[in-house]
Undergrad: 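Dropping a structure here in structure tokens format, bear with me for questions.
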Amino acid sequence: MPHLPASSALQRFRVIDLTQVRAGPTACRQLADWGADVIQVQMPEHMRGDDTLGGQDGSDYQYTHRNKRSITLNLKEDEGVATLKRLIAAADVVVENFRPDVKFRLGIDYQTLAADNPGLVYASISGFGQSGPLATRPGFDQIAQGMGGLMSVTGLPGDGPVRVGIPIADLCAGIFAAQGILVALLEREASGRGQWLHTSLLESMVYMMDFQTSRYLIDGEVASQAGNFHPTSIPTGVYKARDGYLNIAVFGSKIWERFCHILGAPEWITDQRYHDKPSRSINRDALNAQIERRLAAHDRSHWIEQFNAGGVACGLISDMREVFAEPQIEHLGMVKEVVSPRLGRQRLVGQPMQLERTPSTIARAAPRRGEHTEEVLLELGIAADEITRMKANGVY
């Protein structure tokens, strides 16, 4: 089966995916979901290491590698590398997350490949960057969460650092790489030239610290753990109603006044302990205790209805079952269906943005390792008998 685009938006682009684990595959999934012809290049079955993401039939792998094709090439053989270069010569994008030195040793670095394909956009994702004192270190999500500052502000005060419950450094590095690829492709339309772009787990994590970076760089403040409460806007955080927990967000004086009236405490508006943001910050513990005493009078559903009707943001804290039972999630159509030839019907979360004219879908389930090797080699113009010889010689 030839390329089956998941959208018409990027279907004219071919992407060679040389990545593994999560950050690089995430970047390539972003492009595949918008229609790019993403060809995942893996080592042959007999040479593979441990399957990552829970194995190729696991739910994690299926989610990450949908909408791609897969070929195998033995990059320890000169002919395997030569075939890869032939594939790249006709491609628009290469994405890799080798150790920084590996691409140069294999002769598949940007400068080498751009000599034959000057329009090539070449994206590298690493743990710590392509150069510098830590460039050769192995990089993993939790290491970047720690070194980028995220774990120092996550969790309850006094309980020690806490990792975020998703691989956020991997995911952000992959999404930023995909964004960089799209920027480079847009720039290529003006210049006619490709370029090398690179990001890392560490850079993505520092960038994602957002206002915490400016609090330090501009104001000199070193943030600490604030638990389930917003570090600067009070009251905003997790509160307990009669039947469980919910989130309430109160930003700005007008919202604060609405909040007080809905909670039946209009006197707080002029109370010197709570009347402005600095006062509420100083007296946050006393205020939060009073808030929870009033919330205990009713269930979450009551407060969610009352607060939102009054213009105060409030919502449930949902587990995964509750997330997908939410009518708004169903209305947004985030869950897509696809049929895997091996595993049957699957339900997966699709892209979180909607393009009305060129929507994204899931057109193809995650492929088996090397499932499309022969069809892609035929597309390159390699004769069937030559492909048979390559297989016999262990090239793929």
Undergrad: Do other residues, nucleotides or ligands put more than 12 heavy atoms under 6.0 Å from Arg99 CZ?
TA: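 Open.
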Undergrad: Working to the nearest 0.5 angstrom, can you tell me the gap between Cys314 SG and Asn308 CG?
TA: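 Between atom SG of Cys314 and atom CG of Asn308 there are 6.0 Å.
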Undergrad: Using modelled atom types only, decide if a donor and an acceptor are shared between the side chain of Glu386 and the backbone of Ala383 within a distance under 3.5 Å.
TA: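 The answer is no, because no donor-acceptor pair under 3.5 Å joins these two groups.
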Undergrad: Determine whether the side chains of Gln212 and Glu221 contain a donor N or O and an acceptor N or O closer than 3.5 Å.
TA: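 Gln212 vs Glu221: no donor-acceptor pair found between side chains.
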Undergrad: Under 6.0 Å from the CG atom of Asp78, do we count more than 12 heavy atoms belonging to anything else shown?
TA: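 Not buried by this count: 12 neighbours or fewer within 6.0 Å.
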Undergrad: Check whether any side-chain heavy atom of Leu10 lies under 4.5 Å from a side-chain heavy atom of Leu182, and answer yes or no.
TA: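 Side-chain contact under 4.5 Å: yes.
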Undergrad: Let me confirm one number: the CZ-CD1 distance from Phe176 to Ile125, rounded to the nearest 0.5 Å.
TA: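 Rounded to the nearest 0.5 Å, the CZ-CD1 separation comes out at 11.5 Å.
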Undergrad: Quick one: does NZ or CZ of Arg66 land under 6.0 Å from the six-membered ring centre of Tyr63, within 45 degrees of the ring axis?
TA: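 Relative to the ring axis of Tyr63, which defines the angle, Arg66 lies inside both limits.
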Undergrad: Counting distance only, does the side-chain N/O of Asp141 pair as donor-acceptor with the main-chain N or O of Asp170 below 3.5 Å?
TA: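 Side chain of Asp141 to backbone of Asp170, a donor-acceptor pair under 3.5 Å: yes, one is there.
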Undergrad: Under a plain distance cut-off of 3.5 Å, with no hydrogens placed, do Glu292 and Asn288 share a side-chain donor-acceptor pair?
TA: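 No, no side-chain donor-acceptor contact under 3.5 Å.
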Undergrad: Any carboxylate oxygen within less than 4.0 angstrom of a Lys/Arg side-chain nitrogen, looking at Glu379 and Arg69?
TA: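 Yes, Glu379 and Arg69 are salt-bridged.
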Undergrad: Say whether, by atom type as modelled, one donor and one acceptor occur between the side chain of Asn74 and the main chain of Gly394 under 3.5 angstrom.
TA: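 Yes.
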Undergrad: Given side chains that start at C-beta, do those of Leu316 and Arg300 come closer than 4.5 Å, heavy atoms only?
TA: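 They are in contact (side-chain heavy atoms under 4.5 Å apart), so the answer is yes.
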Undergrad: Is there a donor-acceptor contact under 3.5 Å from the side chain of Asp17 to the main chain of Arg29?
TA: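 Not confirmed, Asp17 side chain does not pair with Arg29 backbone.
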Undergrad: What's the verdict on side chain to side chain contact (heavy atoms under 4.5 Å, CB included) for Met208 and Leu150, showing C-alpha distance, side-chain angles and the deciding distance?
TA: CA-CA 9 Å; Met208 288 300 293; Leu150 180 61; over 6 Å; no
Undergrad: Which atom pair, heavy atoms only, marks the closest approach of Ala249 to Val312?
TA: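 Result for this residue pair: O-CG1, 3.9 Å.
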Undergrad: Please check: side-chain N/O of Asn228 versus main-chain N/O of Val238, any donor-acceptor pairing under 3.5 Å?
TA: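 No, the answer is negative, given that no donor and acceptor are paired below the 3.5 Å cut-off.
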Undergrad: To the nearest 0.5 Å, tell me how far Ile88 CD1 sits from Lys85 NZ.
TA: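 Result: 9.0 Å between the selected atoms.
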Undergrad: Taking the side chain from Gln225 and the backbone from Thr154, do they hold a donor-acceptor pair closer than 3.5 Å?
TA: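 Indeed, once roles are kept as given, a pair shorter than 3.5 Å links the two residues.
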Undergrad: Glu374 and Tyr396: side-chain donor and acceptor closer than 3.5 Å?
TA: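 Side-chain D/A pair, Glu374 to Tyr396: present.
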Undergrad: For atom CZ of Phe251, decide whether the heavy atoms of other residues, nucleotides or ligands shown that lie under 6.0 angstrom number more than 12.
TA: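 Atom CZ in Phe251 is crowded, with more than 12 foreign heavy atoms closer than 6.0 Å.
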Undergrad: CD of Gln306 to NE2 of His298: how many Å apart, nearest 0.5 Å?
TA: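 So the CD of Gln306 and the NE2 of His298 are separated by 8.0 Å.
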Undergrad: So do Ser279 and Gln272 actually touch side chain to side chain, heavy atoms under 4.5 Å?
TA: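 Side-chain contact under 4.5 Å: no.
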Undergrad: Does the side chain of Ser70 come within less than 4.5 Å of His65's, by heavy atoms?
TA: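 Counting from C-beta outward, His65 and Ser70 never come under 4.5 Å.
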Undergrad: Apply side chain to side chain contact (heavy atoms under 4.5 Å, CB included) to the pair Glu326 and Ser318, showing each step before the final yes or no.
TA: CA-CA 9 Å; Glu326 166 60 53; Ser318 304; over 6 Å; no
Undergrad: Might you work through the side chain to side chain contact (heavy atoms under 4.5 Å, CB included) test for Arg86 and Ile382, ending with a clear yes or no?
TA: CA-CA 10 Å; Arg86 185 170 173 179; Ile382 299 175; 3.6 Å; yes
Undergrad: Hey, can you tell me if Phe229 and Tyr239 have their rings parallel, tilted or perpendicular (30° and 60° cut-offs)?
TA: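 Judged by the thresholds at 30° and 60°, the geometry between Phe229 and Tyr239 is perpendicular.
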Undergrad: First locate atom CZ of Arg369, then atom OG1 of Thr72, and finally report the distance between them rounded to the nearest 0.5 Å.
TA: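 With rounding to 0.5 Å, CZ (Arg369) is 8.0 Å from OG1 (Thr72).
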Undergrad: Count the heavy atoms of every other residue, nucleotide or ligand shown that sit under 6.0 Å from CZ of Arg284, and state whether that count exceeds 12.
TA: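 Enclosed.
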Undergrad: What distance do Ile269 atom CD1 and Asp276 atom CG have between them, rounded to the nearest 0.5 Å?
TA: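 Result: 13.0 Å between the selected atoms.
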Undergrad: Are any non-hydrogen side-chain atoms of Phe128 and Met147 less than 4.5 angstrom apart?
TA: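 Yes, at least one pair of side-chain atoms sits under 4.5 Å.
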Undergrad: Can a side-chain donor-acceptor contact be found between Glu96 and Ser124 if the only test is distance below 3.5 angstrom?
TA: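 Looking only at side-chain atoms, Glu96 and Ser124 do form a donor-acceptor pair, the distance falling under 3.5 Å.
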Undergrad: Can you tell me if Tyr245 has over 12 outside heavy atoms packed within less than 6.0 Å of its OH?
TA: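 No, not enclosed.
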Undergrad: Is there a side-chain contact between Leu185 and Ile181 in this structure, where contact means two heavy atoms from C-beta onward sitting under 4.5 Å apart?
TA: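 In contact.
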Undergrad: How far apart are the closest heavy atoms of Arg215 and Pro231, and which atoms are they?
TA: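 Closest heavy-atom pair between Arg215 and Pro231: NH1-CB, 3.8 Å.
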Undergrad: For Asp210, give me all partners under side chain to side chain donor-acceptor pair (under 3.5 Å), at least two apart in sequence or on another chain.
TA: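 In terms of side chain to side chain donor-acceptor pair (under 3.5 Å), with neighbours along the sequence ignored, Asp210 is linked to no residue.
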Undergrad: Hey, does the side chain of Ser8 reach the backbone of Gly35 with a donor-acceptor pair shorter than 3.5 angstrom?
TA: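 No, the answer is negative, given that no donor and acceptor are paired below the 3.5 Å cut-off.
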Undergrad: Between Trp256 and Trp268, what is the ring plane arrangement, given parallel below 30°, perpendicular above 60°, and tilted in between?
TA: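 Answer is parallel, since the angle falls under 30°.
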Undergrad: Begin with the C-alpha distance, continue with both residues' side-chain angles, and end with the deciding distance and a verdict on side chain to side chain contact (heavy atoms under 4.5 Å, CB included) for Val15 and Asp92.
TA: CA-CA 6 Å; Val15 177; Asp92 298 282; 6.0 Å; no
